[in-house]
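Data block below; observations after.
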Amino acid sequence: MNKRLLLLLVFTLSCLCVSGQKSLAIRGTRVTENKIYLNLDRRKIETFQNPNNEAGKERWNGSAHFAINSRTCNIFVKWLNPLHYTLSWSDSIYVDENDAAVKAYFDNLKNLFVSNEKNIASEKKESLSAVRASGLAAPVPGQITYPPDGFNSVELTILYLHLRTASLSAPEIAAIDALTTKITVLDELNSQNITRDIASISGKLFGVESASDMNIAIPESKKSISEIVKLVITPTQNSIESIPTELAKINLADKLTERYLKNEITQFIKQATVSLAAKKNLVDKFDPIFKLISNSLKIPGDVPIRTPSLYLVGSEEHLIARTEYYEGRIIELEDGKEIQTSLTLIENEFDSTAVQLKEKQKTNLGKLIFKKYDPIAVFLSVGGFWSNTKLAGFGVDDNLKITEEEIIKDTFVSAAFLNFSFGPSRYMSPLVQFGVDPTKKRPFLLLGSGLSIPVARIAFSIGGVWTWQATLQKLRAGDIVKSTTNLEQDIAYRFSGKPRGWYFGIQFDF
């Protein structure tokens, strides 16, 4: 009996563990077209399926369950500025709804901006009044030339103050003037402060709130970046590359002055090269920014907006996005598994001085749970049944003659059931079930049907009882045996294909 009780305990615990999943009570919203639309409203999840009925959104607090027809489901999310917000999807996979969750395997995008950049706006400059106060007056005919308003670079100003007082021949002045022409161009380019322009472009992109507005902002921003490259970056690079050729032509009689001039110009080129690299670094930031934004607008959904229209960028016409919903991700299910994805909203803040994003806040939005749609719900339950069974039995009388008798059992017994429920109703669903009574040495097997009431977590069923039937191998009823041992050794138990009775079952807490 102890073994039988242990077997019943194992069956019972198995049923209770699985019933904790409440798979019958929660079937999920059926996804008929294998795509859903998701909107974040005040950090709450809203979903709908009909692209022409956005007003019919359902709000989910905590979790939303979906049953999909195929192995995949496309999730289209109402557009969020990827510079301002990041949606993090963290998945857990469950096997057959009965096993514990396994390791979470999806990781998301973090915000884009990376390292701190140097603020090139802090380059050393000297105002016109300071240059004039230093004594660099207007050029005198027959002497070296320089910009009428002086140089932006303090080092160049000091150099030319020295050259004005040096004794130079006409050929030497001509060579220096040719160099000065190129230096003046580089000095002016090097003084261009693009940090404010970069910060302005970044700030505008960061502040865009709709896909339609972003479709306008992207080409405008790309045009602004192209202008910076065209008017500042490329000319500066060309100017830096051209100066060493002219510098090599300088050959002064006063070698000390020549060495001083070449050293200062070389240092100026190095400083301009560093400044150019910082500007390039700022400009290069926009390649991943534009890619990130483009990816967010890459695959549009089919939820229409009311007033699509044209806008102009230069002479080119562009069509504003016809939707605000874009593909966020694709759910892919393996056979016999379900996916639970947790959504986290990461909000960033923008540092316009350093031109970078910093994580400001994280909000847990809830969970979306996806499983394959099946009209049949499978669940285990624990319960009991009343049965009326007739079993053949063998014994011996006082003369050791074999007797055959029919044993009738009418008892209530505990059992574990495997149920197949049809229909999604929470109040009443038909079911077919298999059952087993593990308390007996040769357990009863049950097959029946009935009704479940999922909301009350109770079910009722009726059906037939099958079990193993005792039969004689060599002996027959009426034979005389020497002892009861001879009878016991001759009895064999074979499973009977005919039901031995009927049962009425009740299941609970599934």
Side-chain angles (χ1 to χ4, degrees), residues 1 3-27 96-98 336 373-394 404-471 491-510:
M1 178 62 71
K3 289 183 179 179
R4 296 175 186 175
L5 291 176
L6 179 60
L7 187 58
L8 175 60
L9 180 62
V10 171
F11 266 91
T12 302
L13 289 177
S14 300
C15 292
L16 291 176
C17 288
V18 175
S19 68
Q21 301 277 350
K22 300 182 180 180
S23 57
L24 180 63
I26 303 174
R27 303 180 65 90
D96 295 328
E97 295 185 299
N98 299 325
Y373 171 76
D374 196 318
I376 301 175
V378 180
F379 67 99
L380 287 171
S381 62
V382 63
F385 66 94
W386 286 271
S387 67
N388 188 338
T389 57
K390 297 179 180 180
L391 300 175
F394 297 95
E404 181 178 1
E405 57 184 344
E406 191 173 61
I407 303 172
I408 300 176
K409 291 188 176 183
D410 187 2
T411 57
F412 179 79
V413 185
S414 297
F417 297 94
L418 173 63
N419 305 278
F420 298 87
S421 178
F422 303 84
S425 174
R426 297 173 59 245
Y427 302 103
M428 187 169 291
S429 296
L431 62 83
V432 173
Q433 72 177 193
F434 296 96
V436 59
D437 165 22
T439 61
K440 296 178 174 58
K441 184 176 181 180
R442 296 173 184 85
F444 285 170
L445 300 182
L446 315 175
L447 174 61
S449 61
L451 291 174
S452 66
I453 306 174
V455 69
R457 306 192 69 75
I458 193 169
F460 303 95
S461 58
I462 60 174
V465 179
W466 283 260
T467 188
W468 282 259
Q469 178 64 48
T471 60
I491 293 176
Y493 291 88
R494 294 184 176 87
F495 187 78
S496 175
K498 295 181 179 181
R500 307 307 299 176
W502 303 93
Y503 76 93
F504 171 75
I506 180 171
Q507 301 91 58
F508 45 85
D509 193 31
F510 49 81

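In this text, all values refer to a predicted model and were calculated from it rather than measured experimentally. All heavy atoms count here, side chains included; hydrogens, waters and symmetry mates do not.
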For the student: nearest non-hydrogen atoms of S452 and L431, plus distance
CB-CD2, 3.5 Å
Given S461 and Q507, is the side chain to side chain donor-acceptor pair (under 3.5 Å) satisfied, shown in steps?
CA-CA 8 Å; S461 58; Q507 301 91 58; 3.2 Å; yes
Are the side chains of Y503 and I462 in touch, meaning some heavy atoms are under 4.5 Å apart?
no
Would you say the side chain of I458 lies within less than 4.5 Å of the side chain of I506, judging by non-hydrogen atoms?
yes
For L451, enumerate each residue passing the side-chain contact (heavy atoms from CB on, under 4.5 Å) test, keeping only those at least two apart in sequence or located in another chain.
M428, P430
Around atom CH2 of W502, are there more than 12 heavy atoms from other residues, nucleotides or ligands closer than 6.0 Å?
no
Anything under 30° is parallel, anything over 60° is perpendicular, the rest tilted; go ahead and classify F460 against F504.
parallel
